[in-house]
Amino acid sequence: MSGRVLEAGLHLLDRQLVDADGRLAGKVDDLELEFPEGGGPPVVTAILAGPGALSRRIGGRAGAWLEAVANRLRDGDDRRPARVSFGVVKRIESAVDLSVPKADLETNRLEAWTRDHLIGHLPGAGDAPE
Amino acid sequence: MRLSDLLGADVVDQAGRRAGHVHDVRLVQDGPLVGAFGASLRLDGLLVGRRGIGARLGYNRRKMHGPLLVKLAVGWLFHDGRYVDWDRVRSVEEDRILISGSVDDLGQPSPSS
Amino acid sequence: MKRLVSIALGILTAIGGFVDIGDIVANTETGARFGMSLAWVVLVGVVGICLFAEMAGRVATVSGRAVFDLVRERLGARIALVNLLASFFITFLTLAAEIGGVALAIELATSVNYLLWVPIVAFLVWLVVWRVKFDIMENAFGLLGLTLVVAAVALWRLGPDWGGLLHAAAHPVVPQGEGHPTWWFFAIALLGAAMTPYEVFFFSSGAVEEGWSRSDLITNRLNVYIGFPLGGLLSLTLMAGATLFLEPRGIEPGHLSQVALPTLLVLGKLGLAVLLIGFFAATFGAALETGLSCGYSIAQYFGFQWGKFVRPADAPRFHLIVLLSILVGAGLVLTTIDPITVTEYSIVLSAAALPLTYFPILVVANDPDYMGDKVNSRFTNALGSVYLLLLLVVAVATIPLMILTKAGS
Amino acid sequence: MRRSWVVAAMLLVGACTGPVRSSPVYESKAGQTAAVAASAVQTALLAVDAAKDDKAYGRYLTQVLVEAEEDAGSAQGTFDGIQPPDDRADELRASLDDLLNDATTILADLRIAARRGRFAELPELAKPLPEVAAKLDDFAEAHG
């Protein structure tokens, strides 16, 4: 055992995701674990983010409500939560830094929708902060 | 499998005796390579004990600076931690994890980093 | 030199930014009813907010994580959600109270019913959030809020028996005819007014907005340790004014207009005009802070982009939440519910909710993973523990006291 | 800000101003009402003082007087809505109502004059107010 030792809950879960441009891109709402093809213990393959992943963490009625919201936001029958492959994780510190811009992430859908349908229509939405 | 399937689950041995809830999962970065991250995070074992927010506060790490009051309170509430090596896990069911052997021979976890 | 100017500006802003509708209402009410016998609570509150804000500012500066980031990280998704709901509700109530307060201040200057001003005020608050750069916004309203110093000038011109006021403040006794529970209930209201959670959401998020680095830690300290106590002193002058003018006449103030009486009786029209500008600036500034804090808390819980340091189009959900909060807050005031009543509720509930945000910050401020060598000192931790216990007692006592005293009546 | 606290407490505890069972409760409500009215009258007196010395703007004075009248009026309205439990309560109610009427009449006169911009008339109109205030204070004291 020579690699870095982390506790999933303490060091990873609920931390801020920061994209390649320094923009905030969601939270580590859950982790996906898979058994490697060659056998052996499971490894972390992806970060799950967004309401579809968070709903299971919350549980109860609030979780069910969040799940329903998440399902409405997805296209068709796709019931998977938004997934960020662990391959694009650059660094784990007080935030989790990613090596890609958030426009490339599945987690970006709700934000893009809010911009395209609501906030983007207000005058001055695209102006840089003076 | 998701991390949330493990967190909070009841850990039970072959005789049906309970060791407590999973309050955290220890990962070691020495798994197969995954993209730019390098070696992936391998699931090493389960931190088991009484459930609660105590574990999330990070007071099982010696380097936590204080305050003494919170340290003592958390230590008193969550003193019964045990460690389950992943090798001992037989099956992961809903809200329940079956382990081999007996809960009596589970050791204390090494301090976290 | 430039650095000195920026430090001075920060301190002045902190003084002006300290006082909001909650402080104005709580200090005047308490002075009118209990004289200076609860002045010590303001002292306790000021020390508490200094401790709390300095920690939150330091954590945000060193780790880049604002308050609700930490609440979620340390308490987990579930408990943090309950925390979020409570904190958001209180911040939202405070926002509604501030919008009402701005409208009431304009009503006093124009004699046009405050309800007609509410939509205009709400629009202006949104416009500033939408368009004006963060530091300009913060400095402009902080400095303008300094005009409240006129209340202190009035007190000084009046030349009261300072020794008597000090003696009353230093020897707290429950006045005759008042019950202990009521006295303690007002003490909680006063504490909640001085230590509102939104101040800390705003302060820590502001450190991120302004891109503070380790070299700004000294600025953080000075802003907090000098600015907030002077702000507290300002709210004590309101209490003293009420003690001298309203208490002897048995006036129990229920309107913003009555808060101005002591100042105008001493200084006349000019004093009144300056004080009204102060009311306007203090409540408008606080409306901006609470409006933004509504967005900060939700965005930081869910992890989506927030802040005025990016284009609005790049933080669409944050701006949507702020916009909706302002709209619904204005709607609440338009139901003709008394803004002063909303204020009273918001400060009392603020006091009860303090441990929810204070505790996670206290923990993270001790975590070297986030803080490196900037973890809390032993002294800060000792004081921090005393306050943790105090705030827990307050949180437990608030609701029973509220019922027992029929909310202070 | 007793009035708003009371309203708030009613919402919270679910109390309401329906019939009051015992006369001590009725009496203390009468005392509270007198105190609220006294506070409104004293506020108006301070405003009149300010007007005398030309210390405040007309708009502000008008606002203070309007609010004073509203406070006294709504306190009276709430009190009159309470069912008196017995004959003694009827007497109490009658004597308080007289006082409250005196107060609200003068407060209304002040408000009318202020709205018309006749601020010079305020001191004259307010002459009986200190006596009304004293009586209300005495009443509140006796039945607190």
Side-chain angles (χ1 to χ4, degrees), chain A residues 1-15 20 27-49 52-60 63 67 80-94 96-100, chain B residues 1-9 21-49 51-61 63-64 74 78 81 83-89 92 94-95 97 109-113:
Chain A
M1 263 189 12
S2 55
R4 181 180 176 192
V5 179
L6 288 177
E7 252 131 67
L10 186 62
H11 295 112
L12 206 45
L13 209 54
D14 298 315
R15 298 240 171 170
K27 290 267 177 180
V28 180
D29 288 317
D30 211 340
L31 294 176
E32 181 189 81
L33 294 153
E34 271 175 15
F35 291 91
E37 281 173 28
V43 297
V44 180
T45 47
I47 290 165
L48 304 176
L54 184 60
S55 61
R56 211 198 281 194
R57 299 272 316 285
I58 306 277
E67 179 82 48
R80 285 182 312 112
R83 193 175 170 282
V84 179
S85 161
F86 225 84
V88 301
V89 173
K90 207 160 64 182
R91 205 172 26 232
I92 301 171
E93 278 177 17
S94 75
V96 175
D97 292 330
L98 306 177
S99 58
V100 292
Chain B
M1 184 166 62
R2 292 194 203 174
L3 180 65
S4 55
D5 297 330
L6 302 173
L7 291 178
H21 295 284
V22 177
H23 62 65
D24 213 336
V25 167
R26 191 165 285 177
L27 306 169
V28 180
Q29 194 179 358
D30 61 0
L33 294 177
V34 47
F37 187 64
S40 58
L41 295 167
R42 170 183 61 82
L43 204 169
D44 186 73
L46 310 172
L47 291 150
V48 177
R51 201 174 197 165
I53 63 162
R56 282 298 293 274
L57 297 175
Y59 280 93
N60 50 353
R61 293 169 302 162
K63 65 182 173 191
M64 276 304 276
V74 174
F78 304 99
Y83 194 69
V84 180
D85 278 319
W86 181 255
D87 300 343
R88 288 189 58 174
V89 172
V92 178
E94 202 175 336
D95 296 331
I97 293 173
S110 59
S112 311
S113 55

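Everything quoted here is computed from the prediction, not taken from an experiment. Residue numbers start from 1 in every chain, and the chains themselves are labelled A, B, ... in the order their sequence lines are given, proteins ahead of strands.
Contact record, A/P42 with B/M1: CG-CE, 3.9 Å, taken as the closest heavy-atom pair. Counting all heavy atoms, side chain and backbone alike, B/D30 lies closest to A/G3 at CB-N, 4.4 Å.
For A/V88, no part sits under 4.5 Å from any heavy atom of chain B, backbone or side chain. Contact of A/E34 with chain B is not made at all, since no heavy-atom distance falls under 4.5 Å. Looking at B/S4, both its backbone and its side chain come within 4.5 Å of chain A, counting heavy atoms on both sides. With a threshold of 4.5 angstrom between heavy atoms, B/A36 approaches chain A through its backbone and through its side chain. Heavy atoms closer than 4.5 Å to chain B are found in both the backbone and the side chain of A/L13.
Put simply, the side chain of B/D44 does not reach to within 4.5 Å of the side chain of A/V5, judged on heavy atoms. The closest side-chain heavy-atom distance from B/D5 to A/R56 is below 4.5 Å.
Heavy-atom pairs under 4.5 Å with chain B were tallied for A/G40, A/G38, A/P41, A/S99; the largest tally goes to A/P41. Ranking A/P36, A/G87, A/A46 against chain B, the residue ahead of the rest is A/G87, based on heavy-atom pairs under 4.5 Å. The candidate with the highest count of non-hydrogen atom pairs below 4.5 Å against chain A, out of B/V34, B/L43, B/L33, B/L41, is B/L41. For the set A/L12, A/V44, A/L6, the count of heavy-atom pairs under 4.5 angstrom toward chain B peaks at A/L6.
A search for ring pair (Phe, Tyr, Trp, His ring centres under 6.0 Å) contacts involving A/F86 returns B/F37, not counting sequence neighbours. Applying the side chain to side chain contact (heavy atoms under 4.5 Å, CB included) rule to A/A8 yields the partners A/L31, B/L3, B/D24, B/V25, B/L27; only residues at least two apart in sequence or on another chain are considered.
Separation of atoms CG (A/L33) and CZ (B/R2) is listed at 11.0 Å; rounding is to 0.5 Å.
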